[in-house]
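Along the sequence shown, the residues carry numbers beginning at 1. Reckoned from all heavy atoms, side chains included, excluding hydrogens, waters and symmetry mates. As the structure is a computational prediction, the values presented were derived from the model and not from experiment.
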Amino acid sequence: EADYLYGSEWLSFQSSSEVSVTPVFSQEQQHKTYVQNILSLPENTLFVSNHVLNQSGAIYIAGGARMARAVVDVILEVLSNHLSGGEKAAKKLLKSLNRQGKFRVEAWN
């Protein structure tokens with residue numbers, strides 16, 4: 001949890017219903033949990049699709065490059081399953097969201 005920057009602020013935002021926060025720390029526990037695995041859970045795929053497609057929500061990803069790529073892949077898969085144009089439509093949507101400032105990835109090695 002040493003890497004949980006602004007942890008109390010995130011929890012404060014969540015309690016005021018401004019954001020949904022699901023902290024995942026793969027390095028600090030014996031049983032590894034990864035963001036992409038959490039996003040792949042059925043309740044979270046529904047959340048992601050509803051958040052993006054029905055609520056004009058934003059997605060911001062920050063972390064290691066491998067994690068970020070895996071998370072983007074899950075988001076693409078989720079959106080592909082909910083859009084009639086499949087993966088092509090999902091990629092187009094993410095590009096549009098990026099132009100609107102609603103989809104950003106900050107990744108590092």
Listing, residues 53-60 side-chain donor-acceptor contacts under 3.5 Å, not counting sequence neighbours, or none:
| residue | atom | partner | partner atom | Å |
| --- | --- | --- | --- | --- |
| N54 | ND2 | N50 | OD1 | 2.7 |
| Y60 | OH | G101 | O | 2.9 |

Side chain to side chain donor-acceptor pair (under 3.5 Å) against S40, all qualifying residues, sequence neighbours excluded:
none
Among residues at least two apart in sequence or on other chains, which ones pass ring-ring contact (aromatic ring centres under 6.0 Å, His included) with F47?
H51
Of all the heavy-atom pairs spanning F103 and I61, show the shortest one and how long it is.
CE1-CD1, 4.1 Å
Can you pull the salt bridge (Lys or Arg N to Asp or Glu O under 4.0 Å) pairs that have at least one residue in residues 99-109, sequence neighbours excluded?
none
Please list all pairs passing the salt bridge (Lys or Arg N to Asp or Glu O under 4.0 Å) test where one or both residues lie in residues 36-48, with sequence neighbours left out.
none
Using atom types as modelled, flag every donor-acceptor pair under 3.5 Å from a side chain in residues 68-86 to any protein atom, sequence neighbours excluded.
| residue | atom | partner | partner atom | Å |
| --- | --- | --- | --- | --- |
| R69 | NE | D73 | OD1 | 3.1 |
| R69 | NH2 | D73 | OD1 | 2.8 |
| S80 | OG | L76 | O | 2.6 |
| S80 | OG | E87 | N | 3.3 |
| N81 | ND2 | E77 | O | 3.2 |
| H82 | ND1 | V78 | O | 2.9 |

I'd like to know if F13 and L5 are part of one continuous hydrophobic network [Ile/Leu/Val/Met/Phe/Trp/Tyr, side-chain heavy atoms within less than 4.5 Å].
yes
Do I38 and V105 sit in one hydrophobic cluster, given that two such residues count as connected whenever their side-chain heavy atoms are within less than 4.5 Å of each other, even indirectly?
yes
For the side chain of S12 and the backbone of S8, is there at least one donor-acceptor N/O pair under 3.5 Å apart?
no
